[in-house]
Student: 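Following this message is one structure expressed as structure tokens.
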Number of protein chains: 2
Amino acid sequence: MITSLKNHIQRFVNPSEKEMNHFINMVELENIKNKQFILKEGHYCNYNHFIINGCFRSFFINKKGVEKTVNFGIEDWWLTDFDSFINKTQTKLNIQATEDAIILKISKFNFDTILQNSLEINKYFRIILERVRIADQRRIQYMFNLSGEELYTTFYKYNPEFVQRIPQYMLASYLGFTPEFLSKIRAKKHS
Amino acid sequence: MITSLKNHIQRFVNPSEKEMNHFINMVELENIKNKQFILKEGHYCNYNHFIINGCFRSFFINKKGVEKTVNFGIEDWWLTDFDSFINKTQTKLNIQATEDAIILKISKFNFDTILQNSLEINKYFRIILERVRIADQRRIQYMFNLSGEELYTTFYKYNPEFVQRIPQYMLASYLGFTPEFLSKIRAKKHS
DNA sequence: TATATTTCTTAATCTAGATTAAGTTTTTCA
DNA sequence: TGAAAAACTTAATCTAGATTAAGAAATATA
């Protein structure tokens, strides 16, 4: 269970056994049911979550009352609302399982504690954040540059298995358009 | 000159004098003229740049040949193309000064070297990346949720002085619409 | 200080994608 | 296993913002 986190860490950095165990002892295992929330709008995000198994989406509700999917998270991803987690502000986001899931979570207190002194764990999170930055920048560039249809086909090309894993309306929301428009795109493709 | 970087570091972390000097000795000062490029499409991004003074924009050229502004950077910001810098790939971005500027730059080699062993510098970049992540997420949420007019008024509200500092067409591009449309918004406001 | 270049504006026309609404298919779970 | 809920489709109409084009202001530079 915990080995999937250990493996993930060792893919990027080389902590001593002591450092690794120190970190590992700080995380809590949790089983999450499909549709269960691990963060709700208005609350404080006190945890960073590592997904061992399953899938989550984070979304907010816009002025018109429509759910907007901001991110997905699957196996081997860290998921939190950094704005709330770091700045201790009320979150505007909801994070909800889209499948039964198993996660490890670390509290803000433990997160701060380990990062106070551990070189390798600092490296680990820095490296992850560099990769997240690359992904965010790429996404912003796609959003600017591609039509709805191109966004869908590009996403499909790079994540074919994932498209099967979530309802279409969530994907539409993530890509920034309506489910009706996604239907239209797909109808065009298959004809 | 270099003290603005020292101050920035000390705002977030507390390196020993030795650690600080080690890092400081790795950066190079450079004067940049308005419109000068510090990164050009097709090249490898070998540096991370800290802006002491001045303003930069990063942009790419889309399929239609239109410049799309991805980011701005001003005083006390680190600016690079992480995708190219980390993964050693050819960049698709251009980074260009929009004013005469003074920067400090650190090579990928030196960046890797200092981060190999320095706890505090790892913390520093991790913390910066957490903040960048927060900004990126906020931007993505704005792009999803706000109309063109709202994007402009929101940007103006939080960055009134900055709006004066750059040509309107760059801001329009950054916000994801055409300069003509920005003109229209402004005409509406002032009437 | 005149001319070239860059930036900004206005207005007419066009289009990708939203909205609305109704029906269909699939999944869930009692 | 059958009813209710969730997810998806289709089609008509509408709109925010793009495109095109031309002129006006502002800024840079010789």
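What you see is a predicted model; the values in this text were computed from it and never measured. Residue numbering restarts at 1 for every chain, and letters A, B, ... go by the order of the sequence lines.
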Student: CZ/B/F82 to CZ/A/R138 distance, rounded to the nearest 0.5 angstrom?
Tutor: 13.5 Å
Student: Would you say the rings of A/F56 and A/H49 are close, in the sense that their centroids are separated by under 6.0 Å?
Tutor: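 No, ring centres 6.0 Å or more apart.
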Student: Less than 6.0 angstrom from the centroid, inside 45 degrees of the normal: does B/R139 satisfy that with respect to the ring of B/Y174?
Tutor: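 Satisfied, under 6.0 Å and within 45°.
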Student: Using the ring of B/F60 (Phe, Tyr or Trp, six-membered ring only), decide whether B/K68 places NZ or CZ under 6.0 Å from its centre and within 45 degrees of its axis.
Tutor: no
Student: Between atom CG in A/L182 and atom C1' in D/dT10, what is the gap in whole Å?
Tutor: 14 Å
Student: I want to confirm an ordering. Mapping B/P167 and A/T178 to their closest nucleotides on DNA chain C, which one lands closer to the 5' end?
Tutor: B/P167
Student: Can you give the first and last nucleotides of DNA chain C, 5' to 3', that have an atom under 4.0 Å from a heavy atom of chain B?
Tutor: C/dT7 to C/dT10
Student: On DNA chain C, does the nearest nucleotide to B/F181 precede the nearest nucleotide to B/M170 from the 5' side, or the other way round? Give the residue.
Tutor: B/M170
Student: Under a 3.5 Å distance rule, please check whether B/N145 uses its side chain to pair with a backbone N or O of B/Q141 as donor and acceptor.
Tutor: no
Student: On DNA chain D, compare the nucleotides closest to B/F177 and A/E180; which residue's is nearer the 5' end?
Tutor: A/E180
Student: Rounded to whole angstroms, how far apart are CD on B/Q168 and C1' on D/dA25?
Tutor: 12 Å
Student: Less than 4.0 angstrom from a charged side-chain N to a carboxylate O is my criterion; do A/D76 and A/R11 meet it?
Tutor: yes
